[in-house]
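What follows is a set of notes on a single structure, which appears directly below.
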Amino acid sequence: MSDYNKEEIGRIEEKWRKEWVKRGVYKVVPSKKPKYYVLDMFPYPSGAGLHVGHPLGYIASDIVARFKRLKGFNVLHPMGFDAFGLPAEQYAIEHGIHPAKSTGQNIKNFISQMDKIGFCYDWSREVRTCDPTYYKWTQWIFLQIFDSWYNRKKDKADRIETLISIFEGEGNCNHPFPNIKHRLPGSGETLFSALDWKSFDEKSRQEILMQYRLAYLAYTDVNWCEALGTVLANDEVINGVSYRGGFPVVKKQMRQWSLRITEYAERLLKGLEEIDFSDSMKEIQRNWIGKSTGAKIRFKVKSEKSKVDDMVVFTTRPDTIFGVDFMVVAPEHEMVKDIASEAQRGEVEKYLTYVESRSEIDRMAEVKKITGAFTGAYAINPFNRREIPIWISEYVLAGYGTGAIMGVPCSDERDHKFAKHFNLPITNIIGPHYNGKEANPTYDAVLENSDFLNGLVMREAIQVVVNKLEEMGIGRRQVNYKMRDAGWSRQRYWGEPFPVIYRDDMPYAMDEKGLPLELPDSNDFRPSGTGEGPLANLKDWIKIGERERRDSDTMPTHAGAAWYFLRFTDPHNTKEFASREALDYWGQVDVYIGGSEHAVAHLLYARLWVKILHDLGYLGFDEPFKKLINQGKITGDSRFVYRVRGTNKFVSAGLKDQYDTDALHVDVKIVNGLELNLEAFTQWKPDFANAEFILEEGKYICGAAIEKMSKSYFNVVNPDDIIESYGADTLRMYEMFLGPLEQSKPWNTNGIDGVYKFLRKFWNLFHDVKGNFRLSDDEPTRAELKVLHKTLKKIEQDVESFSFNTSVSEFMICVNELTSLKTNKRSILEPLVIGLSSFAPHVTEELWEKLGHKETAFNSTFPQYQEEYLKENSFEYPISINGKVRAKMEFALDMPKEDIEKVVLASGIVNKWSEGKPPKKVIVVQGRIVNIVL
RNA sequence: GCGGAUGUGGCGUAAUUGGCAGCCGCGCCAGACUUAGGAUCUGGUGCCGUAAGGCGUGGGGGUUCGAGUCCCUUCAUCCGCACCA
């Protein structure tokens, strides 16, 4: 009566989709059970909807969630939407549709697509970052960050009020400015006393506090993109052009919000040790943080001007100090204008003009180009009083270290090239390690020409030099990080407004009662063009009174994403961002699944916010994600047709070299394998209605390429289409079967029939040839039990280790074996239904019901496998001697290794071959004699 | 340039972690059935060879009784960072 076919699958899947919602089976609340938190990286709801690549990670997490639930855990498995962002805003500019409206529609579409795949999300916990009830708390957390400073003495964030009382009591002598370059206006000092503090007026005090706040305003160099009319984050700029659109990006100074993430650099780095991320992911984060240990050294400067500041360099190689042949400072360095000599002034100015003229793109494109100019000034080596010429060059970056370096040509590649290019003398301090042709950055050389360091190995000399520098008071150990503070302002409409009010140009936190500060309604999403965002156009909103105004910027999308996993624990709380009880119960995310493209930005900001909230006492943990899995990307498999240039003739791929052709993407839907469906092609686009074809063997063969899945390549495969023809269960299992989760792979449906057949075979175990449900209550045989328990064990191991592709294989083997055993016994099939239910929830739920259960399969328990059925009583072991199988013996399976050795030795087989001498070695592997060495 | 990863049949992949390489699926070959379907079922399928046998996990070398797995070296591909002193 019922066959596992298209119609039946459609009926079953729709039935259970509705039933699960009706019964509310996916709703979770805290309980006495142990918790397990499985999280997906929530998507940005783009207008294009989901393609088959998106659900890969979601399917994996769904399997884990269902499996853990069967194993007795109380599983939190929520989903939400990262709904603020630039695409909706650009769509609004182009089509006049308000971002709120298009975003809402997109979300609706996403949810319907996701529901079809059968995910067990607790939709009652859905969050949207663009919802005021959500971003109220994004703003609130921002204010907590604004109201904090990093107490380096305690190595944690503290409330700003603690800083104020420190200033009132002792000034800032124990807590100098985090940014060492900062000076008090007027005096130019870096330290102030308690008395000074009391003498400062309100604005000065606020400006000082701003230097300490973890969310602060400052004039920063930002990536200004004229074409997009906005500022971009570092990770939105790739090779000097914008990530979206590829428009040029230039530096511009703007007063912006930043997060002082640099204060957390060390903890973000250390934290990596205790969390389970892949090596490459950790490495990318380490790289981004970019810690390097070295020393800061102060050099006296000799120049024509009598009073000049010392120059300070950062180096990781203080041991090479006697090899310094020149100094280089960044062109932007403030000392440049002071030290340039009369004779060199022209050169220097010419060079500065040149640097100014170079765009970011030029600079990146020509990193190898060596340029520079001599300033005419000299630095004095503190140990041997040697006068070292000071140069400027753009290869030294103003933003890293001190913006000045010591040039050691014999041990640094770039310095060496610089010296060669400008014909500067090269001092060899590493003897035979330097060949005169290229620098050698070794640590192992014995130093020469190095005064008191002569004879020391470089590695050891580092400490000796630093100790001496510290003794002399002209240097000290220093750790540097590449990471910069995170720019947190965006000149956009569709984001969280900053919950602050400016008074006398200084921002003050809004009262909590005023939150959320709602995004004002608007029809004008164009940037103001002056660098300010669209909100600046809403003058009435910006201006509050005569002296007060709002911020016209909004937060980046990272803001909402930096804490959404916390909100899921208590999504409807109107009093707090989440209750401490909920946070303590659900705690850290046990498994976080998502793409590696969020390696730096999102994960670092999420980790940062959690650390700050932890420091302020809101959280009991300071790492959000215990384990991270990066699912691979599913790429598209594009097809091409070849049009003979200037004609409407299309030539098959095998013959295209005989013509002058252009390759055009063709919709993968009208290509079967590589063969083009000619009729469908002529109907595809009006241009091709009269197309002519040059065929090979009567067929038109298309070209193929693996590319990103994209609408414009016509290679997008929609999961809905797969579900339409095979059902959601097949889609789920096939995506898992495709290969290891973490590996990127092209989408193809080559093997999907195999998975589909598997589900049908599974179904047929329960049905006779006529499709009638039939089941036997007979006692299972030993062989059947063995198949069952072997499968259960494998599945459990595979799912725990996230190798879902092998799980699917195991199920296939199981069904093949049961089919050939003609098994239709309840005692065997019922546990398998539960075993399979994480992977194929719809068909198993239907079978579960047919098996007579009222309660949903989702609420059952994963069956325990029985070790005894996995074992045989005895086994025939081949006995190899010196690598060749010489004999076979039978042993009890659980016989200890030593006993096996004894039996073999007693048997005389070995003596036969070893002339009575005991063998050198008897190798027993897993209770099995593998080899005997004579 | 630096860092990370990967490399196994015609294809996607597997290998109890050092123990009979190629499980499972696709494809292909042969057969059965048939209401002729791009259906279903059964058997076969790493390569060379009629066979016996030989070869085989990108290449070369090493450790080991034994290597896809460990070590050295080299090549190729992908990803990340890229003048970070």
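In what follows, chains carry the letters A, B, and so on, assigned in the order in which the sequence lines appear, proteins first and then strands, with residues in each chain numbered from 1. All values below were derived from every heavy atom in this structure, side-chain atoms included, with hydrogens, water molecules and symmetry-related copies excluded. Quantities reported herein were computed from a predicted structural model and do not represent experimental measurements.
Under the Watson-Crick or G-U wobble criterion, with both distances below 3.5 Å, C28(B) is paired with G44(B).
Taking atom CZ of residue Phe758(A) and atom P of nucleotide C24(B), one finds them 14 Å apart after rounding to whole Å. Between the CG atom of Asp319(A) and the C1' atom of A85(B) there is a distance of 13 Å, rounded to whole Å. The distance between atom CG of Asp768(A) and atom C1' of U40(B), rounded to the nearest whole Å, is 16 Å. With rounding to whole Å, Tyr395(A) atom OH is found 13 Å from A85(B) atom P. The interatomic distance linking Leu603(A) (CG) with G80(B) (C1') rounds to 14 Å, in whole Å. The CG atom of Asp637(A) sits 12 Å away from the P atom of G12(B) (whole-angstrom rounding). One interatomic measurement links the two molecules: CG of Leu397(A) to P of C81(B), which rounds to 17 Å at whole-angstrom precision.
The phosphate of G3(B) (OP1 or OP2) has no side-chain N or O of Lys282(A) nearer than 4.0 angstrom. Contact between the side-chain N/O atoms of Arg760(A) and the OP1/OP2 oxygens of U40(B) is found at a separation under 4.0 Å. The side chain of Asn630(A) places no N or O atom within less than 4.0 Å of a non-bridging phosphate oxygen (OP1 or OP2) of A5(B).
With C26(B), G80(B), A85(B) as the choices, the nucleotide that has an atom nearest any side-chain atom of Asn750(A) turns out to be C26(B). Of the candidate nucleotides A5(B), A85(B), C24(B), C24(B) has the atom nearest to the side chain of Asn816(A). The side chain of Met812(A) sits closest to C24(B) out of C24(B), A85(B), G80(B). In this structure, of A5(B), A85(B), C81(B), it is A5(B) that holds the atom nearest to the side chain of Asp279(A). Taking the side chain of Glu283(A) as heavy atoms from C-beta on, and the options C26(B), A85(B), G3(B), the nearest nucleotide is G3(B).
Rounded to the nearest Å, the gap between the P atom of A15(B) and that of C81(B) is 31 Å.
For Phe422(A) and Phe326(A), the distance between ring centers is not under 6.0 angstrom. Aromatic rings from His598(A) and Tyr605(A) are positioned such that their centres are separated by 6.0 Å or more. The aromatic ring centroids of His789(A) and Tyr865(A) lie 6.0 Å or more from each other.
With its glycosidic angle more than 90° from 0, G12(B) adopts the anti conformation. A syn orientation is assigned to G37(B), its glycosidic angle lying within 90° of 0. In this structure, U63(B) shows a glycosidic angle more than 90 degrees from zero, which is the anti conformation.
Judged by the 6.0 Å and 45° rule, Arg484(A) forms no cation-pi pair with Tyr400(A).
Contacts of Thr635(A) classified as side chain to side chain contact (heavy atoms under 4.5 Å, CB included), with partners at least two apart in sequence or in another chain: Ile706(A), Pro746(A).
A residue-by-residue look at Ser280(A) and Thr402(A) shows that Ser280(A) has its nearest nucleotide of RNA chain B further toward the 5' end. For the pair Lys745(A) and Lys757(A), both in contact range of RNA chain B, the more 5′-proximal nearest nucleotide belongs to Lys745(A).
Taking a 6.0 Å sphere around CD of Glu724(A), one finds it holds 12 or fewer heavy atoms contributed by other residues, nucleotides or ligands.
The side chain to side chain contact (heavy atoms under 4.5 Å, CB included) with Leu738(A) is formed by just one residue from the set Val808(A), Ile634(A), Asn805(A); it is Ile634(A).
Contacts between residues 801-811 of chain A and RNA chain B, counted as heavy-atom distances below 4.0 Å, involve Asn805(A), Thr806(A), Ser809(A).
Across all strands, Pro740(A) comes closer than 4.0 Å only to sugar-phosphate atoms, never to a base (heavy-atom distances).
Side-chain contact of Asn715(A) with Ser638(A): a donor-acceptor pair under 3.5 Å is present, judged by distance alone.
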